[in-house]
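Read through the structure below, which is laid out as structure tokens, and then see the notes.
FYI, side chains are in, hydrogens and waters are out, and symmetry mates aren't considered; it's all heavy atoms of this structure. Each chain gets a letter, A, B and so on, in the order the sequences are listed, and its residues count up from 1. The model shown is predicted, which means the values in this text are computed figures rather than measured ones.
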2 protein chains.
Amino acid sequence: MKKDALFPNDSIVFLTNRVGRLLANHIRQAAEHESWGLQPQHMGILVDLWQREGVRQQDLAVSNIKDKGTIARALSSLEEANYVVRIPDSTDKRNKLIYLTHKGKALQAQLQPYAQMVMEQATAGLNDKDIAICQKVLSHILKALTTPGQEQ
Amino acid sequence: MKKDALFPNDSIVFLTNRVGRLLANHIRQAAEHESWGLQPQHMGILVDLWQREGVRQQDLAVSNIKDKGTIARALSSLEEANYVVRIPDSTDKRNKLIYLTHKGKALQAQLQPYAQMVMEQATAGLNDKDIAICQKVLSHILKALTTPGQEQ
DNA sequence: ATTAAATGGTTGCATTTGCAACGGGAACGC
DNA sequence: GCGTTCCCGTTGCAAATGCAACCATTTAAT
């Protein structure tokens, strides 16, 4: 049993936590001098929307691993800043479907250089295969802990 | 240039963010029914202290990637709960050195089973070599982004 | 059909957080 | 010596967050 290595600083638990905040901070700071009024919380939501629009707030809450109330408030400011719109769902009036505005779509390409710059600095010296494995492992963990009832 | 894959949900930036919070949430919830009055923020600080005691608050702030004010308040509650003590540094009276109490040290072994349980669920189906590579990549990124002036 | 249970979004509240300002202490200048 | 600058910890403030309560709507039960 070499399994005592759960709490040490090189364990996945705490590495993901710290690397995650670190990367987000760097990208945000790199892009900060621009005129976009982006708050830290907004990035994760926008990333989701760049991949799939028309989702419910609840969907965004789940994939962002945040409370639905938190998402609701973040969307209010994103809507106020004209990045997204809330469209009532005609088939189920409880839902509001979230869509990007033109401004919200354009932001992806504008932020790209900053994200790329940070990632290049972060991964300099690493080979692409290891990075791919890291992504695979993290994706696996994400799925393992979010997919509701499977194991045992 | 296959470099468009920075914002997608499978990029390291957002995987680390979400997996990090997810793992921390799971461990905390798994251990929640216990009597320890632990708050989410406390875990990261304790992990550091389990590895090296007698550090300054500033050191904890840097390694936890949090504001020094945030760390100061977290330590106040940890101190109040009798997990740590602040010892004034006699050689430099600006510093306060943080040490674990007996209760704080004992907590590591008590939390271990919960952390292990969550990690086993999270990494079931992954091979140890890939997990090790993932840790290596994340450690590399952590160092690359925290070591002040290096490349370019 | 009517009632009960479940779901989605909003809001109040308390906690957590980062930022900035402050004060005490140390290091370096003169 | 004295003053300037820097570093560390603390605290006020505003923003972000989770939780829970609430309302509207849908679905299930009878």
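Using a cut-off of 4.0 Å between Lys/Arg side-chain N and Asp/Glu carboxylate O, B/Lys136 and A/Asp130 are scored as salt-bridged. Between A/Arg18 and B/Asp48 a salt bridge is recorded (basic side-chain N to carboxylate O distance below 4.0 Å).
In terms of position along DNA chain C, the nucleotide closest to A/Asn95 lies nearer the 5' end than the nucleotide closest to the other residue of the pair B/Asp92 and A/Asn95. Residue-to-nucleotide proximity on DNA chain D shows that, of A/His42 and A/Gly69, the 5′-proximal contact is made by A/His42.
Taking atom CD1 on B/Ile45 and atom P on C/dT16, their separation rounds to 11 Å, with Å as the unit. The interatomic distance linking A/Lys96 (NZ) with D/dA24 (C1') rounds to 11 Å, in whole Å. If you take CG of A/Asp89 and P of D/dT25, they are 13 Å apart, rounded to a whole angstrom. Taking atom CG of B/Asp67 as the reference point, atom P of D/dG9 lies 12 Å away to the nearest angstrom. If you measure from atom CG of A/Leu97 to atom P of C/dG8, you get 12 Å, rounded to the nearest angstrom. Spacing between atom CD of A/Gln39 and atom C1' of D/dA14 amounts to 11 Å, rounded to whole angstrom units. Following rounding to the nearest Å, A/Ile71 (CD1) and C/dT11 (P) show an atom-to-atom distance of 16 Å. The distance between atom CZ of B/Arg18 and atom P of D/dT17, rounded to the nearest whole Å, is 12 Å.
In this structure, CG in A/Leu15 is found 10.5 Å from OG1 in B/Thr16, a value given to the nearest 0.5 Å.
B/Asp59 places no side-chain N or O within 3.5 Å of a backbone atom of B/Val55 that could act as its donor or acceptor partner.
Judged by distance alone with a 3.5 Å cut-off, a donor-acceptor contact links the side chain of A/Lys68 to the base of C/dG9.
B/Val85 belongs to a hydrophobic cluster with B/Ile87, B/Leu97, B/Tyr99, counting contacts under 4.5 Å between side-chain heavy atoms of Ile, Leu, Val, Met, Phe, Trp and Tyr, direct or through other members.
B/Tyr83 and B/Leu107 get closest at one heavy-atom pair: CE2-CD2, 3.8 Å. Scanning all heavy atoms of the two residues, the minimum distance from A/Ala124 to B/His140 falls at O-NE2, 2.7 Å.
Of the side-chain N and O atoms in B/Thr70, one or more sit less than 4.0 angstrom from OP1 or OP2 of C/dG18. For A/Gln57, no side-chain nitrogen or oxygen approaches OP1 or OP2 of C/dG8 to under 4.0 Å.
When heavy atoms are screened at a 4.0 angstrom cut-off, A/Ile65 is found touching the sugar-phosphate backbone but no base atom.
Side-chain polar atoms of A/Asn17 and B/Arg21 form no donor-acceptor pair below 3.5 angstrom. In this structure, a donor-acceptor pair under 3.5 Å is absent between the side chains of A/Asn82 and A/Thr101.
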What are the atom names and distances for every N/O pair under 3.5 Å that joins the protein to nucleotides 2-7 of chain C?
unit_1, atom_1, unit_2, atom_2, d
C/dT7, O4', A/Arg94, NH1, 3.3
C/dT7, O2, A/Arg94, NH1, 3.0

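For the contact set between residues 72-87 of chain A and DNA chain D, defined by any heavy atom under 4.0 Å, the members are A/Arg73.
A/Met119 places a side-chain heavy atom less than 4.5 Å from the side chain of A/Leu23.
Comparing D/dA16, D/dT25, C/dT10 by their closest approach to the side chain of A/Gln41 singles out D/dA16.
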